[in-house]
Q: 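My questions will all concern the structure given below.
Reminder, nothing fancy here: chain letters follow the sequence lines and each chain counts from 1. All values reported here derive from a predicted model rather than from experimental measurement.
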Amino acid sequence: MEVDVLKRIPVREQEPKVRATNFEEVCLGYNKEEAEAEASRCLNCKNPQCVKGCPVNIDIPGFIKEVENGNVEEAYHVIGKYSALPAVCGRVCPQESQCEAKCIRGIKGDAVSIGKLERYVADTAREMGIKPEKADSLNGKKVAVIGSGPAGLTCAGDLAKLGYDVTIFEALHKAGGVLSYGIPEFRLPKQRVVDAEIENVKALGVKIETNVVIGKATTIDELLNEEGFDAVFVGSGAGLPRFMGIPGENANGVFSANEYLTRSNLMKAFDDAYATPIIAGKKVAVVGGGNVAMDAARTALRLGADVHIVYRRSEEELPARVEEVHHAKEEGIVFDLLTNPTQIFTDDKGNVTGMECIRMDLGEPDESGRRRPVEIPGSEFTLEVDTVIMSLGTSPNPLISSTTEGLDINKRKCIVAEESNGQTSKAKVYAGGDAVTGAATVILAMGAGKAAAQGIHEYLSQA
Amino acid sequence: MYKILKKEYLANNIWLMDIEAPRVAKSCEPGQFVIVKTDEKGERIPLTVCDYDREKGTVTIVFQTVGASTEELKAYEVGDSVMDFVGPLGCASELIQMSEEELKKESILFVCGGVGTAPVYPQVKWMKNHGIDVDVIIGARTKDIMILENEMKEVAKNLYVATDDGSYGFKGNGCDMINELVKNQGKTYTRVVAIGPMIMMKFVALLTKELNIPTIVSMNPIMVDGTGMCGACRLQVGDEIKFACVDGPEFDGHLVDFDQAMQRQGMYKTEEGRAMLKLKEGDTHSGGCGNC
């Protein structure tokens, strides 16, 4: 395969017109030849900047070297030292603003396609039946992990590798957290990728108990005092959806993105064999501009709707990954930028008939550093839609903080925890991921899970 | 997996099951609910806790077959297991959070309609176990569809039964019975708890507002996760939007926007109808659904 060192090997994708009608994965990934060719572009820098850009500091040149030499198993074990979920991260990490942003190749040409190589390693290892390496023996200490999302799985996996007896408690009927209920099949296949990664964590000796709501069925204090756990990690995520508070928001046909995505991803409502219904909608407006908004929009599109993204700032401020915006546009999603909803209209049965919006202009920068959107007086217009999906971000569930004495939260209802080791205000209790930061990315949650595993290990090694 | 230890037909397509779920049985309180999912492809069905046995580790649920998912649940027999059973969810009844002293000052009337009789039972039982006497009205369309009358009789101080057609007990609905007790018999109540179909709770709340009796209702809107994550169960309660799954399921009946709640309840009616048709007709299903 011929390689132009300045250009990355393109990755194969499903055609936009075809994929707009199915839930199969959009990106098809590299094959062996493509992966080895792309790996050969890595300069194997002595002082690798990419590693600094990675929240879990994966030895990136190390694994890429193994890929180049055709040693997938070795490459997998190099990544495995740092990450429990490579097949997930290779797909959903914002590499363009992390490892790949720092790649020296990127100065003159394209950065090395690190994410796609990581995905290639994880997928190939899975197909070859390679499992992560388990601890030789247990150290006799028990740790409870609350939540089986990226933070919890990472923390649990790391602790199991260190010889801890780890049990994850998951409130839903299925493990994976946002990987299962939030991110759609076409971006992150559930059975092939998510379930397989969870099986790998279980193969390390981690037990997962589903259907246990901590804060209701049992509490953190009971886990520590009655069930014999030596420490607890809280990775319960940021699950509560926000709404705008505009008139008509409780109409039939207005959903939170969480509801819409949970119905489709967790409950598989897109598949007729599953009992949970979903209202596809003929014309759908998704309000918001983050990755979750893109996921909801592309899900609605695949269910057969005409979809508009309604976002109050301009394209430059869209918080979604560039790749997601690009894919959404390719698939035919219309972006109504600098537009903000003001009210939702309904018929006499309470069903959505339209959404009034107002045009916005960008003013002075606000506290986020982005230019503040301001309404243009008199610019109201009606978008004729039958379904509205609110994707305005989420905040942490107060279930755990409100039932755990001595666990401090901040004004945003996030658990207060040390960034370096996850230690909270309560002894033996550690936390990380969205429960601490508010809604962020999979990889940041994994980084926090990793730091907390180290923190718990240090604490329990002293005890 | 969660094993079914007892199954009983009550009346009017209403079934009772005892399900083995030790963690839930250990911690649940009257007023809370659980979510049941029969198998991999099933829906998450929210059901109010109707009784529990902490020692045996069982939780009693009562459900009426109203759609494809409850029909499926009905097909499960003693010895079978449902795949998922999660709880307790929601807040315990406001009443059981009050002190016994406070409760002794109250004079409480429970009003149940249809399948709503089941979640009232553990509350009344709890009251009796704590030495608090309460009155109970069970309302039903007709005699044959009344449930849990004998059980309720054992725990209530006075049990009043009312049937719309007069086939049993007082002739009239729950509201007529309240009027009879308060206006004609001169009884005074400091609090009413109404649990049943939304339409019944709406009219009880309208009446008790007029009678100036604080009223608690238990809302059962559409839910998905039941842990506060999706917002499908949101309700207008006074000036606020509340999630029934985490803020409720019990609310001040005088503040709930019942008309909106009933509209939202019907959101998936066509979808449910389709699922039901598919279940009943199986592979023979053809035409009419718009998808064939």
Side-chain angles (χ1 to χ4, degrees), chain A residues 169-174 181-182 209-213 215-219 222 236-243 245 249-263 266-269 271-280 346 348-351 390 394-399 402, chain B residues 2 21-24 26-28 32 34-35 37-45 67-69 72 83-91 222-236 241 243 246 257 259-268 270-272 274-275 278-279 291:
Chain A
F169 295 98
E170 167 56 48
L172 292 173
H173 59 268
K174 199 164 172 25
Y181 76 74
E209 210 181 312
T210 52
N211 296 323
V212 184
V213 182
K216 288 287 180 192
T218 186
T219 62
E222 284 171 333
S236 51
L240 298 195
R242 292 204 189 100
F243 287 94
E249 215 170 5
N250 280 1
N252 290 1
V254 183
F255 307 95
S256 72
N258 260 13
E259 177 182 354
Y260 204 75
L261 291 171
T262 300
R263 283 179 182 276
L266 179 72
M267 307 310 294
K268 306 244 183 297
D271 181 343
D272 272 348
Y274 288 75
T276 301
I278 191 164
I279 291 174
T346 58
D348 56 359
K349 293 196 178 78
N351 300 311
M390 292 294 177
T394 52
S395 56
N397 198 317
L399 209 51
S402 66
Chain B
Y2 305 80
R23 276 197 191 274
V24 185
K26 186 182 136 229
S27 51
C28 65
Q32 290 186 296
V34 296
I35 282 185
K37 184 169 152 291
T38 52
D39 60 13
E40 169 67 28
K41 293 177 178 163
E43 248 182 306
R44 291 171 66 94
I45 312 168
S69 296
E72 284 213 37
M83 194 177 216
D84 299 291
F85 191 89
V86 60
L89 299 166
C91 302
I222 292 169
M223 287 186 188
V224 187
D225 64 289
T227 63
M229 214 176 77
C230 80
C233 66
R234 62 194 190 274
L235 302 163
Q236 186 77 43
I241 306 280
F243 288 6
V246 286
D257 182 341
D259 292 337
Q260 186 189 71
M262 283 188 280
Q263 258 174 0
R264 290 185 59 80
Q265 189 85 327
M267 205 184 314
Y268 291 93
T270 357
E271 289 280 334
E272 261 172 40
R274 268 183 214 148
K278 204 168 111 193
L279 184 83
N291 284 334

Q: Looking at A/G239, A/G237, A/A171, A/A238, which makes the most heavy-atom pairs under 4.5 Å with chain B?
A: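 Going by pairs under 4.5 Å, I would pick A/G239.
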Q: Chain B heavy atoms under 4.5 Å from A/K216: which part of the residue, side chain, backbone, both or neither?
A: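 It is both, since atoms from each part get that close.
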Q: Is chain A contacted by the side chain of B/L235, its backbone, both, or neither, given a heavy-atom distance below 4.5 Å?
A: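 Looking at B/L235, just its backbone touches chain A.
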Q: Which answer fits B/V224, side chain, backbone, both or neither, if we ask what part of it has an atom under 4.5 Å from a heavy atom of chain A?
A: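 Only the side chain of B/V224 comes within 4.5 Å of chain A.
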Q: Does any heavy atom of chain A fall under 4.5 Å from the side chain of B/Y2, the backbone, both, or neither of them?
A: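 Contact with chain A involves the side chain of B/Y2 alone.
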Q: Quick one: does any side-chain atom of B/S27 pair with a main-chain N or O of A/T218 as donor and acceptor, under 3.5 Å?
A: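 Side chain of B/S27 to backbone of A/T218, a donor-acceptor pair under 3.5 Å: no, none is there.
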Q: Could you pull out the closest heavy-atom pair between B/M229 and A/L240, with the gap in Å?
A: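 Nearest heavy atoms, B/M229 then A/L240: N-CD2, 4.5 Å.
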Q: Which heavy atom in A/E249 sits nearest to a heavy atom in B/R234, and how many Å separate them?
A: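 That closest heavy-atom pairing would be O-NH2, 2.7 Å.
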Q: Given a strict heavy-atom distance threshold of 4.5 Å, which part of A/Y181 is in contact with chain B: side chain, backbone, both, or neither?
A: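 Side chain only.
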Q: Please round to the nearest 0.5 Å and tell me the distance separating atom CD of B/E43 and atom CE of A/M267.
A: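 Interatomic distance, B/E43 CD to A/M267 CE, rounded to 0.5 Å: 7.0 Å.
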Q: Please report the C-alpha distance between A/Y274 and B/E40 in whole Å, then the side-chain angles of each, then the deciding distance to 0.1 Å, and finally whether the side-chain contact (heavy atoms from CB on, under 4.5 Å) criterion is met.
A: CA-CA 8 Å; A/Y274 288 75; B/E40 169 67 28; 3.5 Å; yes
Q: Which heavy atom of A/A217 sits nearest to which heavy atom of B/G87, and what is that distance?
A: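 Closest pair (atom of A/A217, atom of B/G87, distance): CB-O, 3.5 Å.
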Q: In terms of heavy-atom proximity below 4.5 Å to chain B, should A/N250 be classed as side chain, backbone, both, or neither?
A: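 Both the backbone and the side chain of A/N250 come within 4.5 Å of chain B.
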Q: Which pair of heavy atoms, one from B/I222 and one from A/R263, lies closest together, and at what distance?
A: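 So the minimum-distance heavy-atom pair works out to CG2-NH2, 3.6 Å.
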Q: Under 4.5 Å, counting heavy-atom pairs only, tell me which of A/G253, A/P241, A/G215 racks up the most with chain B.
A: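 Winner by heavy-atom pair count: A/P241.
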Q: Looking only at heavy atoms and a cut-off of under 4.5 Å, which of B/K37, B/K26, B/K41 has the most pairs with chain A?
A: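 Answer, by heavy-atom pair count under 4.5 Å with chain A: B/K41.
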Q: Quick check on the interface: out of B/C28, B/G226, B/A21, B/G90, who has the most heavy-atom pairs with chain A under 4.5 Å?
A: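 Heavy-atom pair counts peak at B/G90.
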Q: Just give me the residue among B/Q260, B/Q32, B/R44, B/Q236 that pairs up with chain A most often, heavy atom to heavy atom, under 4.5 Å.
A: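 Ranked by heavy-atom pairs under 4.5 Å with chain A, first place is B/R44.
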Q: Would you name the heavy atoms of B/Y268 and A/I279 that are closest together and state the gap between them?
A: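 Nearest heavy atoms, B/Y268 then A/I279: CE2-CG1, 3.5 Å.
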Q: Please check: side-chain N/O of B/D84 versus main-chain N/O of A/N211, any donor-acceptor pairing under 3.5 Å?
A: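 No; zero donor-acceptor contacts below 3.5 Å.
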Q: Less than 4.5 Å to any heavy atom of chain B: does that hold for the side chain of A/A251, its backbone, both, or neither?
A: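 Looking at A/A251, just its backbone touches chain B.
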Q: Between B/R23 and A/E209, is the closest basic N to carboxylate O distance under 4.0 Å?
A: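 Salt bridge between A/E209 and B/R23, a charged N being under 4.0 Å from a carboxylate O: yes.
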